[in-house]
Amino acid sequence: KVCSFEYASVIENSYTETGSVPPTKLYQYPMDNNLSLLPMFEKSDDRFSVSGARGILDGVQYAELDLPFTQSVLLVSGEYRRGELLLTTEDGIEVPCQVRSVQTKKTVSKGEDLSVSAKIECDIFLTTLPEGFDITSNEGIKKTEEELARLLEKKINKDWQKALEDGIEDVFGLGIYLYRYAPRQYETWRKNNPNARLDFTVNCVITLENAGYSEERIVE
């Protein structure tokens with residue numbers, strides 16, 4: 001269970017929620033048989049920004065995630081809000097995007113082969129216009145949106161495969177989702193396939209704001 005997300009939610013929404021939260025000592029927080037994702041920060045020009053995350057299981061660090069990998073995790077988990085996202089084409093062309101809003105919807109497959117699919121919808125604009133991208137017409141904007149969606153899917157799939165290779169796929173939060181919304185199905189699948197790994201597919205939808213381009217930068 002990635003409890004850090006829920007812990008942050010309690011803090012952020014404490015002014016609207018009712019009830020009580022039992023007191024917890026911070027040093028115990030990531031140690032009680034929980035998987036926690038704790039953000040790492042870096043300072044630049046007297047401003048702090050997230051630079052990645054560390055995965056902690058039973059009080060021991062078991063993974064260190066860089067910023068691009070952390071962004072993929074947050075997009076799939078539904079915890080990504082807004083910020084800068086760098087995509088790269090097959091030719092090595094960098095495409096910096098300003099993500100204005102994100103909506104992630106996950107579903108569980110039916111049948112014997114258990115899998116989770118995620119649909120990620122992003123509203124973005126470009127702060128630079130890379131060569132080969134045309135946003136001067138409706139057709140050009142549509143093609144650009146489709147290409148950006150393809151690049152984002154490729155990025156997330158690449159990070160998912162890397163997580164599988166490193167044995168840290170749980171950081172994507174899919175196990176939490178299954179336990180919450182399809183516990184019996186998951187237990188049956190795990191019992192019949194103890195060594196199998198979960199299948200995951202992602203579908204991204206990109207919408208360009210402001211006709212696709214703006215020099216405005218996100219300022220928190």
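Heavy-atom basis, side chains included; hydrogens, waters and symmetry copies ignored.
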Q. Does any non-hydrogen side-chain atom of Lys191 lie less than 4.5 Å from one of Glu187?
A. no
Q: Verify whether one side chain among Thr201 and Ser117 offers a donor that lies under 3.5 Å from an acceptor in the other.
A: no
Q | Residue pair Val76 / Tyr177, side-chain heavy-atom distance below 4.5 Å | A | no
Q. For the residue pair Asp159 and Phe69, what are the closest heavy atoms and their distance?
A. O-CE1, 3.3 Å
Q) Hey, quick one: are Leu174 and Val108 part of the same hydrophobic cluster, counting side-chain heavy atoms closer than 4.5 Å, chains of contacts allowed? A) yes
Q) Should we count CZ of Arg184 as having more than 12 external heavy atoms under 6.0 Å? A) no
Q | Common cluster, Tyr80/Leu86, ILVMFWY with side-chain heavy-atom separation under 4.5 Å | A | no
**Q.** Distance (rounded to the nearest 0.5 Å) between Thr127 OG1 and Gln98 CD
**A.** 5.5 Å
Q. Is the number of heavy atoms from other residues, nucleotides or ligands under 6.0 Å of Asn138 CG greater than 12?
A. no
Q) Between Glu79 (side chain) and Val73 (backbone), is there a donor-acceptor pair under 3.5 Å? A) no
**Q.** Interatomic spacing from CG in Leu178 to CZ in Arg180 - rounded to 0.5 Å
**A.** 11.5 Å
Q: Check for a donor-acceptor pair, side chain of Lys155 on one end and backbone N or O of Pro68 on the other, with a separation under 3.5 Å.
A: yes
Q: Heavy atoms only: give me the nearest Glu94-Pro130 pair and the separation to one decimal.
A: O-CG, 3.8 Å
Q | Same apolar cluster: Val202 and Val205, side chain cutoff 4.5 Å | A | no
Q: With salt bridge (charged side-chain N to carboxylate O under 4.0 Å, His left out) as the test, would you mind laying out the steps for Glu147 and Arg150 before giving the verdict?
A: CA-CA 5 Å; Glu147 176 63 9; Arg150 186 187 68 83; 2.8 Å; yes
Q: Check each of Leu87, Thr207, Leu148 against Ile124 using the side-chain contact (heavy atoms from CB on, under 4.5 Å) test, and report the only one that passes.
A: Leu148
Q: For Thr188 and Gln185, indicate whether the former's side chain and the latter's backbone hold a donor-acceptor pair under 3.5 Å.
A: no
Q.
Working to the nearest 0.5 angstrom, can you tell me the gap between Leu75 CG and Leu85 CG?
A. 6.5 Å
(Q) Count I, L, V, M, F, W, Y as connected when their side-chain heavy atoms are under 4.5 Å apart, and connections chain through other members. Are Tyr181 and Val116 then in the same cluster? (A) yes
Q) Taking atom CH2 of Trp160 and atom CG of Leu198, what is their separation to the nearest 0.5 Å? A) 5.5 Å
(Q) To the closest 0.5 Å, what do you measure between NZ (Lys162) and NZ (Lys158)? (A) 10.0 Å
Q: Please answer whether the main-chain N or O of Leu208 pairs with a side-chain N or O of Glu145 as donor and acceptor at a distance below 3.5 Å.
A: yes
Q. Where do Asp134 and Ser137 come nearest, in terms of heavy atoms and distance?
A. OD2-OG, 4.1 Å
(Q) Show the nearest heavy-atom pair for residues Arg197 and Glu165, with the distance to one decimal. (A) NH1-N, 4.3 Å
Q | Ser72 side chain reached by Ile156 side chain, heavy atoms, under 4.5 Å | A | yes
Q: Might you point out which heavy atoms bring Cys204 and Ala149 nearest each other, and give the distance in Å?
A: O-CB, 3.4 Å
Q.
Count I, L, V, M, F, W, Y as connected when their side-chain heavy atoms are under 4.5 Å apart, and connections chain through other members. Are Leu129 and Leu151 then in the same cluster?
A. yes
Q: Could you tell me whether the side chain of Ser109 and the main chain of Ser115 form a donor-acceptor pair under 3.5 Å?
A: yes
**Q.** Gap between atom CD1 of Ile206 and atom SG of Cys122 - 0.5 Å precision
**A.** 4.5 Å
(Q) I need the minimum non-hydrogen distance between Ala118 and Lys106, along with the two atoms involved. (A) CB-CG, 3.9 Å
